[in-house]
Number of protein chains: 2
Amino acid sequence: MKSQKKKLRSYTEKMPDFKAKCRAAGLRITPQRMAVYQELAKSKEHPSADMLYRKVRKILPNISLDTVNRTLLTLAEIGAACIVEGSGDVKRFDGQLNNHQHFRCIKCKRIIDFYHKPFDNIPVPKSINKKFVVLRKTVYFEGICNLCAEKYAS
Amino acid sequence: MKSQKKKLRSYTEKMPDFKAKCRAAGLRITPQRMAVYQELAKSKEHPSADMLYRKVRKILPNISLDTVNRTLLTLAEIGAACIVEGSGDVKRFDGQLNNHQHFRCIKCKRIIDFYHKPFDNIPVPKSINKKFVVLRKTVYFEGICNLCAEKYAS
DNA sequence: CTCTGTGCAAACACTTTGCAGCTAA
DNA sequence: TTAGCTGCAAAGTGTTTGCACAGAG
């Protein structure tokens, strides 16, 4: 319980920033938004709306899945979260906004974060920069994870 | 009409390879598969199942959307196509198997190909290579395309 | 007090599945 | 001939929308 409380502090520290972001975007600070954001920021597993819904319900038992869904989309819009690149499955969200990369297992759909310094500053080709505004750039790997490899090795 | 015929030849040249791939995977060569593959290989726009369905129907008016769907998944499995990384929208497919990168507009969902030599050989970090089998590696940009930027400039 | 945000339920879009008949090999 | 493929229809899954009420500012 003690360690949980410590963890809690670490992500609750993000809350003032988040509140500021909301206000800047003209959004109201509601318990639902707080709770969704808090659980997303805490999560390490790129949860789907439904996964988060289950977690948030422990804090706000009456919240609806729709609200979680809407809130997540809102968070993505104001840049407090981002939608992870998948391949047309259910939407997955990411509250970690620091630079990192994703590996996605095509079998179990697990998304694994990794960080590799050289990828921090991927140069955007001039041809792209001339025509488009690049908001997010990432290196994305797809393949088979260790667990699935074992499963299929039989 | 003449130029169309020429274009047609260029992608029909891929057909023998494709047939070989099918046979290698133990798949039958059916008109539907041929047609779906042909239209996908011809397409430059990362079509969804539905987009392809409309095109293929011009060749095989009786094909069903389900078949297009199933065929596309099959193609992805045998490595004759791939599912483009999106962000939880409808599945989008890509028949261009040569190395290239994607820029995706978060507004209009358009996916734009680009090619940048330095991205040809992205090094896979050892930490990843140790645990996972990487099948596809790509640099993925997200942002606002020129058309949408104009729209929102008003 | 006002107007945004929420919860509920229905609508929706896309995908998947089961099965009978068809067809490539 | 016969396994695998297709078309149809139905079910499933996840997401979006409309509306009345609740609650933040």
Side-chain angles (χ1 to χ4, degrees), chain A residues 15 18-39 46-54 56-57 59-78 80-81 83-93 106-107 109, chain B residues 15-16 18-39 46-54 56-57 59-78 80-81 83-84 86-93 106-107 109:
Chain A
M15 295 309 279
F18 176 59
K19 288 188 186 176
K21 233 172 200 169
C22 282
R23 262 189 277 270
L27 296 178
R28 290 193 178 161
I29 282 98
T30 66
Q32 288 88 340
R33 274 212 253 269
M34 296 289 103
V36 170
Y37 176 74
Q38 175 179 302
E39 287 304 310
H46 313 281
S48 64
D50 191 64
M51 286 156 132
L52 271 172
Y53 173 51
R54 272 175 254 167
V56 174
R57 239 184 342 183
I59 308 172
L60 301 173
N62 293 322
I63 198 171
S64 74
L65 170 59
D66 317 82
T67 299
V68 176
N69 241 314
R70 272 186 284 210
T71 302
L72 287 169
L73 294 179
T74 309
L75 295 190
E77 267 173 33
I78 66 168
I83 306 176
V84 177
E85 59 277 23
S87 295
D89 314 305
V90 293
K91 283 193 181 68
R92 302 280 289 271
F93 298 86
I106 58 172
K107 295 285 181 193
K109 314 282 166 86
Chain B
M15 294 311 278
F18 176 60
K19 287 186 186 179
K21 233 171 199 167
C22 283
R23 262 189 278 269
L27 296 178
R28 291 193 175 158
I29 281 97
T30 66
Q32 289 88 340
R33 273 212 251 271
M34 296 288 104
V36 169
Y37 175 74
Q38 175 179 301
E39 286 303 310
H46 314 282
S48 64
D50 190 66
M51 284 157 134
L52 271 172
Y53 173 51
R54 271 174 256 168
V56 174
R57 237 183 347 182
I59 307 172
L60 300 173
N62 292 322
I63 198 172
S64 74
L65 172 59
D66 317 82
T67 300
V68 176
N69 242 315
R70 271 185 286 213
T71 303
L72 287 169
L73 293 179
T74 309
L75 296 190
E77 266 173 35
I78 66 169
I83 306 178
V84 176
S87 296
D89 312 306
V90 293
K91 283 194 182 66
R92 303 278 290 269
F93 298 86
I106 59 173
K107 295 288 181 188
K109 316 282 167 84

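Heavy-atom basis, side chains included; hydrogens, waters and symmetry copies ignored.
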Lys NZ or Arg CZ of B/Arg33 over B/Tyr37 ring: under 6.0 Å, within 45°
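Checked: cation-pi criterion not met.
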Interatomic distance where [atom1] belongs to [X] and [atom2] belongs to [N] [whole Å]:
{"X": "B/Leu65", "N": "C/dC14", "atom1": "CG", "atom2": "C1'", "result": "9 Å"}
{"X": "B/Met51", "N": "C/dC14", "atom1": "CE", "atom2": "P", "result": "11 Å"}
{"X": "A/Arg92", "N": "D/dG14", "atom1": "CZ", "atom2": "C1'", "result": "14 Å"}
{"X": "A/Arg70", "N": "C/dA9", "atom1": "CZ", "atom2": "C1'", "result": "12 Å"}
{"X": "A/Leu72", "N": "D/dT16", "atom1": "CG", "atom2": "C1'", "result": "14 Å"}
{"X": "B/Lys109", "N": "C/dC14", "atom1": "NZ", "atom2": "C1'", "result": "14 Å"}
{"X": "A/Tyr53", "N": "D/dT13", "atom1": "OH", "atom2": "P", "result": "16 Å"}
{"X": "B/Ile63", "N": "D/dC5", "atom1": "CD1", "atom2": "C1'", "result": "11 Å"}

Using a cutoff of under 3.5 Å, can you pull out all pairs of nitrogen or oxygen atoms linking the protein to nucleotides 23-25 of chain C, with atom names and distances?
unit_1 : atom_1 : unit_2  : atom_2 : d
C/dA24 : O3'    : B/Ile29 : O      : 3.3
C/dA25 : OP1    : B/Ile29 : N      : 3.3

If we fit an axis to the first five pairs and another to the last five of the helix from C/dC1-D/dG25 to C/dA25-D/dT1, what angle do they make, to the nearest 10°?
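Taking the rotation axis at each end, their angle is 40°.
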Polar contact flag, side-chain donor to acceptor under 3.5 angstrom, B/Ser64-B/Thr67:
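Note: B/Ser64 and B/Thr67 side chains meet the donor-acceptor criterion.
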Given [options], which nucleotide is nearest the side-chain atoms of [X]?
{"X": "A/Asp66", "options": "D/dT6, C/dT15, D/dT17", "answer": "D/dT17"}
{"X": "A/Ala49", "options": "D/dT15, C/dG7, C/dT15", "answer": "D/dT15"}
{"X": "A/Gln32", "options": "C/dT6, D/dG7, D/dG14", "answer": "C/dT6"}

Indicate, with a heavy-atom threshold strictly under 4.0 Å, whether [X] touches base, sugar-phosphate, or nothing.
{"X": "B/Arg33", "value": "sugar-phosphate"}
{"X": "A/Asp50", "value": "nothing"}
{"X": "B/Leu73", "value": "sugar-phosphate"}

If you compare all heavy atoms of [X] against all heavy atoms of [Y], which two are closest, and at what distance to 0.1 Å?
{"X": "A/Glu39", "Y": "A/Val56", "answer": "CG-CG2, 3.8 Å"}
{"X": "B/Ile63", "Y": "B/Tyr53", "answer": "O-CE1, 3.4 Å"}
{"X": "B/Ala76", "Y": "B/Ile83", "answer": "CB-CG1, 4.1 Å"}
{"X": "A/Ala49", "Y": "A/Leu72", "answer": "CA-CD1, 3.8 Å"}

Check this one for me: any side-chain N or O of A/Ser64 less than 4.0 Å away from OP1 or OP2 of C/dG7?
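Affirmative; the distance criterion is met.
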Please determine whether a side-chain nitrogen or oxygen atom of A/Lys19 lies at a distance below 4.0 Å from atom OP1 or OP2 of D/dG25.
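For D/dG25, OP1/OP2 do not have a side-chain N/O of A/Lys19 under 4.0 Å.
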Answer yes or no: is there an ion pair linking A/Asp66 with A/Arg70, defined by an N-O contact shorter than 4.0 Å?
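Looking at A/Arg70 together with A/Asp66, the answer is no, because their closest N to O distance does not fall below 4.0 Å.
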Validation row: A/Ile29, A/Phe18 side chains within 4.5 angstrom (heavy atoms)
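Contact flag for A/Ile29/A/Phe18 side chains = no.
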Beyond-backbone contact of A/His46 with A/Met51, side-chain heavy atoms, under 4.5 angstrom
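In short, these two side chains do not touch, never coming nearer than 4.5 Å.
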Name the residue closer to the 5' end of DNA chain C, choosing between B/Asp89 and A/Thr67 according to the nucleotide with the nearest heavy atom.
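In this pair, the answer is A/Thr67.
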Start with the C-alpha gap between B/Asn62 and B/Arg57, add the side-chain angles, then the distance that decides, and say whether side-chain contact (heavy atoms from CB on, under 4.5 Å) holds.
CA-CA 7 Å; B/Asn62 292 322; B/Arg57 237 183 347 182; over 6 Å; no
